[in-house]
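Residue numbers begin at 1 in each chain, while the letters A, B, ... track the order of the sequences.
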2 protein chains.
Amino acid sequence: MYQIDVMSRIPVYEQIVEQTEKFILAGVLCAGDKIPSVRSLSVELSVNPNTIQKAVAELDRRGLIFSVPGKGSFVSERARDALTAAKRGNLGVMRDKLREFKMAGIDKSEVLEVVEEVYGEENRADD
Amino acid sequence: MYQIDVMSRIPVYEQIVEQTEKFILAGVLCAGDKIPSVRSLSVELSVNPNTIQKAVAELDRRGLIFSVPGKGSFVSERARDALTAAKRGNLGVMRDKLREFKMAGIDKSEVLEVVEEVYGEENRADD
DNA sequence: TCAAGTGTACTAGTTTACATAGTACAGTTG
DNA sequence: CAACTGTACTATGTAAACTAGTACACTTGA
């Protein structure tokens, strides 16, 4: 399930957080689902339990999961909504990046090409 | 000229690199222009000379400036082209971010809104 | 000529974030 | 009751970033 790159410049605990978010968005993990335990993930990924726990604590802090001592950690009901809100906040970051692209002389058409590539080109008049 | 935030999570030398790139793109620094000396920037920003030197070395490595021992460092002729190429490579990063937006249920229209905000809406038929 | 400014190259030390190692405690479950 | 769970704590190692200080060779202007 999880894929960790220990050579990456991105901290391991952060990789786990990011991948968990992707699993939630992709529907691999749904509200109420139990995520792997700290110790089992520790063994599976060959990573120290403390590192996993750090990721769990961060996911909890973001309201994506809730932990029950003795039982496990579970995907929150409002996880998807929280993620959507967070990503919408990231549109501001994209705005800054687009300004850099424009300054660098990258054409609007080049940007739109990427947008169309990701979002498809369903531009029929009867939509 | 330069504005450094020592409390930022972004390393100081990287902030200097980024700001120098922006100055080049904005036309504040043009090909052949001399950039501030290591020691003068060190005093102006209250930063260790070694930190400045690290930024200078990185800018040199990226082909944005060239250094002449005893004289100073100057903006390269191909600095703008190098920056445009680098930013164009960043379109791939934007593609990944757009995929995340799409997965999170952020509408195509919301994305296009930001694009139009930055690039303007010059969509006349006679262009 | 020479003092001042320039890029560059070292060594040494501190601080911080990240990760590991080991131990411990309390709650849950079959 | 044994095995699992989340959580907390101390200690240690490592790497990156930054600071401090020194040194050398080159260029420039007075």
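Using a 4.0 Å heavy-atom distance criterion, A:Val6 is classed as making no nucleic acid contact.
One can place CG of B:Asn48 at 9 Å from P of D:dG21, the figure rounded to the nearest angstrom. Atom CD1 of B:Ile52 and atom P of D:dA20 are 13 Å apart (whole Å). As rounded to whole Å, 18 Å separates atom P of D:dT14 from atom CG of A:Asn50. B:Lys54 places its NZ atom 11 Å from the P atom of D:dT19, with the value rounded to the nearest Å. Taking atom OH on B:Tyr13 and atom C1' on D:dA16, their separation rounds to 8 Å, with Å as the unit. Between B:Ile4 atom CD1 and D:dA17 atom P there is a gap of 15 Å when expressed in whole angstrom units. Following rounding to the nearest Å, B:Arg9 (CZ) and D:dC18 (P) show an atom-to-atom distance of 13 Å. Between the CG atom of A:Leu59 and the C1' atom of D:dT7 there is a distance of 16 Å, given to the nearest Å.
Between D:dA17 and B:Thr51, no contact under 4.0 Å exists linking OP1 or OP2 to a side-chain N or O.
Between the CD atom of A:Glu14 and the CZ atom of A:Arg9 there is a distance of 9.0 Å, given to the nearest 0.5 Å. Interatomic distance, B:Leu64 CG to B:Leu25 CG, rounded to the nearest 0.5 Å: 9.0 Å. Atom CG in B:Leu91 sits 5.0 Å away from atom CD1 in A:Ile106 (nearest 0.5 Å).
At most 12 heavy atoms of other shown residues, nucleotides or ligands fall within 6.0 angstrom of atom NZ in A:Lys97. Counting heavy-atom neighbours within 6.0 Å of B:Glu113 CD, excluding the residue itself, gives a total of 12 or less.
A 4.0 Å heavy-atom criterion places the boundary nucleotides of DNA chain C facing chain A at C:dC18 to C:dT29, written 5' to 3'.
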Could you run through nucleotides 1-6 of chain D and give me one letter per nucleotide, 5' to 3': B if any protein heavy atom sits under 4.0 Å from the base, S if only the sugar-phosphate is that close, - if neither?
----BB
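Panel note: side chain B:Ser42, backbone B:Asn48; no donor-acceptor pair is recorded below 3.5 Å.
Taking the six-membered ring for Trp and the full ring otherwise, B:Phe23 and B:Tyr2 have centroids separated by under 6.0 Å.
Under 4.0 Å is where a charged nitrogen must lie from a carboxylate oxygen, and between A:Glu58 and A:Lys54 no such pair does.
With DNA chain D read from its 5' end, the first of the two nearest nucleotides for B:Ser46 and A:Asp60 is the one closest to A:Asp60.
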Using residues 31-38 of chain B as the side-chain source, report each donor-acceptor pair under 3.5 Å to any protein atom, sequence neighbours left out, with the distance given to one decimal.
from	atom 1	to	atom 2	distance (Å)
B:Asp33	OD2	B:Cys30	N	2.8
B:Ser37	OG	B:Ser40	N	3.1
B:Ser37	OG	B:Ser40	OG	2.9

